[in-house]
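Since the structure comes first, as structure tokens, the remarks are kept for the end.
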2 protein chains.
Amino acid sequence: MSQTVDRALSILPLLAEGPADLGQVADRLGVHKSTALRLLRTLHEHGFVYRQSDQRYRLGARLFALAQEAMENLDIREIAHPHLVRLNEQCGHTVHLAVYEENEVLYIDKVDSRYPVRMYSRIGKPVAITVAAVAKLLLADLPEHERRALAEKLDYPMYTSRSTPNPEAFLRELAKVREQGWATDLGGHEESINCVAAPIRGADGRVVAAMSVSAPNVVVTGDELLTLLPLVRRTADAISGEYSGRTPTKDVV
Amino acid sequence: MSQTVDRALSILPLLAEGPADLGQVADRLGVHKSTALRLLRTLHEHGFVYRQSDQRYRLGARLFALAQEAMENLDIREIAHPHLVRLNEQCGHTVHLAVYEENEVLYIDKVDSRYPVRMYSRIGKPVAITVAAVAKLLLADLPEHERRALAEKLDYPMYTSRSTPNPEAFLRELAKVREQGWATDLGGHEESINCVAAPIRGADGRVVAAMSVSAPNVVVTGDELLTLLPLVRRTADAISGEYSGRTPTKDVV
DNA sequence: CTGCCGCGTTGCGCTTTGTGCAACGCCCAT
DNA sequence: ATGGGCGTTGCACAAAGCGCAACGCGGCAG
């Protein structure tokens with residue numbers, strides 16, 4: 001809607017691919033060099049862009065800072081974290097927390113079996129939305145038409161022979177998940193990894209996040225993992241309770 | 001320089017503090033609501049901003065994607081990674097890679113003793129610049145006046161009794177580090193953690209990154225850790241060699 | 001040593017673009 | 001019912017961002 005801002009923002013993904021000099025930026029934006037210069041300068045002032053010694057531009061540190069900060073201010077994440085840790089202590093496996101946002105599913109927290117590590121490494125990268133157990137839960141809760149529309153336009157990469165192959169199968173799976181209130185991924189993403197997941201709901205009953213426990217086949221079989229389901233669901237419900245018990249309006253300071 | 005972009009970018013840090021509604025954004029920007037709306041819309045189209053169910057805006061997933069992508073495209077990181085892994089295999093301790101950028105030091109890679117994990121959790125957060133061994137190396141290489149100016153304006157938090165207390169001590173430490181070509185942090189950040197670090201240099205001899213090995217006191221004493229210094233330096237030199245051997249211009253595709 | 005080329009940079013006149021205003025519609029709370 | 005708060009829209013005005021052309025600088029080649 002705003003041309004200038006639009007152009008400026010378009011620079012960022014472009015630089016994400018790698019450093020570029022003024023001319024390259026101007027060309028790829030389809031604007032005059034002087035225009036690109038002004039935009040880059042503005043981005044620079046805000047620290048979104050950095051000028052390395054060879055004069056080329058690359059993305060700046062401010063971007064990381066923002067991503068980091070945004071992450072830490074997610075309410076659900078904050079509330080859920082201690083629960084995830086406790087679940088991890090109880091079962092020993094990797095625990096994930098994920099949210100849905102505009103056609104993507106993001107991991108926003110992780111507790112690994114060894115010790116707590118936020119798996120930022122996954123953030124931003126498209127999660128395997130067609131197979132991940134948490135993704136199924138999040139998508140299963142979308143309104144009918146939105147769910148259908150999304151299913152149609154997704155890609156269905158066959159990570160393994162058990163990956164969801166097409167929109168029809170996916171929608172069927174989502175219906176099932178919606179019905180039963182939990183989800184699994186049995187080797188659909190990586191042959192030897194199984195997951196069980198449960199939804200976290202807000203006060204209105206809508207699914208606001210999903211959590212899962214993952215373990216490799218060699219440690220526990222899919223069936224054994226399923227015995228953890230009650231525990232996972234209980235944890236998810238505890239988080240749901242705490243989340244929806246919150247005061248709905250929370251001031252921004 | 002560009003008012004519109006300037007305003008739009010100012011929205012992002014503001015939202016990083018927490019979700020905000022249109023009125024709040026407009027107020028804090030000092031612009032009319034309709035203006036704020038247009039800016040937010042543009043940000044939204046680019047996925048930098050997300051509208052949650054209560055209509056309030058928060059930072060969007062695209063931000064994470066960008067931070068992630070930028071990270072992965074850092075040349076040094078790519079080149080260094082296998083070396084870090086090998087060093088980790090040899091000594092078993094945690095290995096870090098860090099760069100300096102506009103008054104901050106960022107970790108850009110990590111190999112933990114257990115298994116490889118990118119410590120993105122640290123990214124964006126200010127590294128303990130006054131005590132970290134890698135920070136000393138990176139700052140020691142700055143031009144005299146810049147180094148001095150930076151040292152003056154830094155804070156000197158006393159993480160432990162061995163933390164660098166003030167600018168004078170810091171500049172002395174940097175001079176020493178500059179001289180000897182390596183650095184340590186002996187319990188300056190956390191009482192029981194020691195690090196040894198070595199610089200990675202570009203073709204022109206400037207320090208482009210620094211790497212370190214960290215281990216808790218209980219595993220190896222500071223003195224024992226120092227015996228690893230030759231290995232660390234050799235690794236750093238190997239990375240330097242490979243890095244500066246590169247073709248200087250690298251096309252952006 | 002000198003002249004050329006490529007690059008980033010600057011100042012400027014034109015007009016597109018972003019701006020603030022005021023009015024509207026919606027929802028919630030009274 | 002009714003009022004207030006909020007997001008949203010259309011519009012007229014002028015500010016702002018735009019591309020152009022010219023400049024300065026450094027590196028490379030003749």
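So that the names make sense, note that chain A is the first sequence line, chain B the second, and so on, each numbered from 1.
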* Asked: Rounded to the Å, how far apart are B/Q3 CD and D/dA15 P?
  -> 11 Å

* B/R41 side chain N/O closer than 4.0 Å to the phosphate oxygens (OP1, OP2) of D/dT9? -> yes

* To do: May I ask you to say whether A/R148 pairs ionically with A/E152, meaning some side-chain N is under 4.0 Å from a carboxylate O?
  => no

* Structure fact -> note: A/Y57, atom OH; C/dC7, atom C1'; distance rounded to Å ~ 11 Å

* Could you say whether B/S34 or A/L37 is positioned toward the 5' end of DNA chain C, judged by the nucleotide with the nearest heavy atom to each? => A/L37

* **Separation of D/dG24 C1' from A/L22 CG (nearest whole Å)** => 15 Å

* Donor-acceptor under 3.5 Å (A/D141 side chain, A/V207 main chain) -> yes

* When you measure from the side chain of A/D21, which nucleotide among D/dG19, C/dG8, D/dT8 comes out closest? -> C/dG8

* To do: Would you mind reading off the distance between B/L39 atom CG and D/dA16 atom P, rounded to a whole angstrom?
  => 14 Å

* To do: Using distance alone, with no hydrogens and no angle criterion, decide if A/H81 and A/D109 have a side-chain donor and acceptor under 3.5 Å apart.
  => yes

* C/dG20 P sits how many Å from B/R38 CZ, rounded? -> 8 Å

* Asked: Checking all strands, does B/S2 fall into the base, sugar-phosphate, or nothing category for heavy-atom contacts under 4.0 angstrom?
  -> sugar-phosphate

* Structure fact -> Side-chain contact check for A/Q55: nearest option of D/dG17, C/dC21, C/dG8 is C/dG8

* Asked: What's the CG-P distance between A/D6 and D/dC18, to the nearest Å?
  -> 11 Å

* Asked: What nucleotide, of C/dT19, D/dC18, C/dC21, holds the atom closest to the side chain of A/T35?
  -> D/dC18

* **Test item: B/T164 side-chain N/O and B/T130 main-chain N/O as donor-acceptor pair under 3.5 Å** => yes

* Structure fact -> Which of D/dG7, C/dT17, C/dT9 is nearest the side chain of A/T4? It is C/dT17

* **Length of the line joining B/K33:NZ and C/dC24:P, which is rounded to integer Å** => 15 Å

* For the residue pair B/A183 and B/K136, what are the closest heavy atoms and their distance? -> CB-CB, 4.2 Å

* To do: Give a yes/no answer on whether the side chain of A/R51 brings an N or O atom under 4.0 Å of OP1 or OP2 in C/dG8.
  => no

* Asked: To the nearest angstrom, how far is B/M1 atom CE from C/dT10 atom C1'?
  -> 11 Å

